[in-house]
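Working notes, beginning with the structure itself.
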Amino acid sequence: MARKFFVGGNWKCNGTTEEVKKIVSTLNAGDVPSQDVVEVVISPPFVFLPVVKSSLRSDFHVAAQNCWIKKGGAYTGEISAEMLVNLEIPWVILGHSERRSLLGESSEFVGDKVAYALSQGLNVIACIGETLEQREAGSTMAVVAAQTKAIAERITDWTKVVLAYEPVWAIGTGKVATPAQAQEVHFELRKWLQANVSPQVSASTRIIYGGSVSGGNCKELAAQPDLDGFLVGGASLKPEFIDIIKSAEVKKSA
Ligand code: PEP
């Protein structure tokens with residue numbers, strides 16, 4: 001079953017009005033493969049979502065970086081899934097490790113958020129990944145399986161979910177997972193989905209890699225059979241993001 005290559009750009013908490021204009025014009029001018037080959041989703045901070053959505057080329061889509069766990073109301077500072085839907089924001093990133101570690105979001109909390117966002121019609125980029133200590137202790141697969149299980153227990157429809165494997169030690173560190181390390185976890189995750197969800201979900205769900213992806217390392221990573229794209233942080237703010245999108249071509253010719 002063909003899984004369309006997916007490239008997400010997570011701008012995190014970065015950008016000014018001027019910088020946003022510059023990045024969007026670079027994206028708009030980028031010569032990238034067609035929508036049949038690659039799905040591109042740009043995730044600016046909440047405040048820039050409307051301007052990015054209205055100025056971005058129509059073959060790229062936008063994502064929020066978070067949303068609330070249930071219907072909005074008396075939750076100061078939060079943004080609800082309903083608001084994103086109202087603004088026609090089609091995607092949301094949930095469970096990013098920076099939120100898990102800095103804000104204490106548990107796997108259960110993330111699973112509840114994923115389920116609620118899906119119930120409102122959003123597409124979800126759900127992030128999972130182990131810390132360096134967990135990798136060194138040999139518990140990588142147990143950690144990512146537990147994080148995935150907390151999602152799997154709460155949802156039935158995986159068609160709007162992209163699973164982002166992001167080893168915490170590789171995020172923003174310049175220390176990218178080797179293609180073999182990434183492939184190993186992606187393969188195991190697919191096996192986990194096959195055994196615990198269904199063969200169909202295992203075959204069709206896109207599992208993307210995140211962690212210090214750059215214009216220089218993307219092609220070798222993209223060639224891995226169980227790697228269906230990237231979630232990109234730092235490099236998504238730079239012109240090399242276009243090269244990362246272009247790495248979808250590696251898949252096409254594989
Ligand atoms: C991320 O923020 O999801 C990420 C992978 O960051 P970076 O590419 O900077 O490591």
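Quick caveat: nothing in here was measured; it's all calculated off a predicted structure. Numbers here simply count residues along the sequence, with the first being 1. Just so you know, ligand 1 is whichever comes first in the structure, and atom 1 is the first atom listed for that ligand.
For the pair R57 and F60, the distance from NZ or CZ to the six-membered ring centre is under 6.0 Å and the angle to the ring normal is within 45 degrees.
Residues L94 and F109 have side chains not in contact (no heavy-atom distance under 4.5 Å, counting atoms from C-beta outward). At a threshold of 4.5 Å between non-hydrogen side-chain atoms, the residues W91 and L122 do not count as touching.
Polar contact check, T173 against ligand 1: no nitrogen or oxygen pair lies under 3.5 Å apart. By the 3.5 Å distance cut-off applied to N or O atoms, G210 is not counted among the residues near ligand 1. The shortest N/O to N/O separation between E98 and ligand 1 does not fall below 3.5 Å.
Not less than 6.0 angstrom separates the ring centroid of F230 from the ring centroid of F6.
In summary, the side chains of S214 and N217 do present a donor paired with an acceptor at a separation below 3.5 Å, with no hydrogens or angles considered. Between the side chains of E82 and Y116, at least one donor N or O sits under 3.5 Å from an acceptor N or O. Inspection of the R100 and S107 side chains reveals an N or O donor paired with an N or O acceptor under 3.5 Å. Inspection of the Q183 and D226 side chains reveals an N or O donor paired with an N or O acceptor under 3.5 Å. Using modelled atom types and a 3.5 Å distance limit, the side chains of Y165 and E130 yield a donor-acceptor pair.
Listed by atom number, the atoms of ligand 1 under 4.0 Å from G172 heavy atoms are 7 (P), 9 (O), 10 (O). Near G234, meaning under 4.0 Å from any of its heavy atoms, are these atoms of ligand 1: 7 (P), 8 (O), 9 (O). Every atom of ligand 1 is numbered from 1 in the order shown, and the set under 4.0 Å from a heavy atom of G211 is 5 (C), 10 (O). Ligand-side atoms of ligand 1 in range of L231: 3 (O), 5 (C), range being under 4.0 angstrom from any heavy atom. Less than 4.0 angstrom separates some heavy atom of N10 from each of these atoms of ligand 1: 1 (C), 2 (O), 3 (O).
For A170, every heavy-atom contact with ligand 1 shorter than 4.0 Å involves the backbone, none the side chain. At a 4.0 Å heavy-atom cut-off, ligand 1 touches I171 through backbone and side chain alike.
Around atom 6 (O) of ligand 1, the closest heavy atom drawn from E166, K12, K175 belongs to K12.
Of all protein heavy atoms, the one closest to atom 1 (C) of ligand 1 is H96 NE2, 3.2 Å. Among protein heavy atoms, the minimum distance from atom 4 (C) of ligand 1 is reached at G233 N, 3.5 Å.
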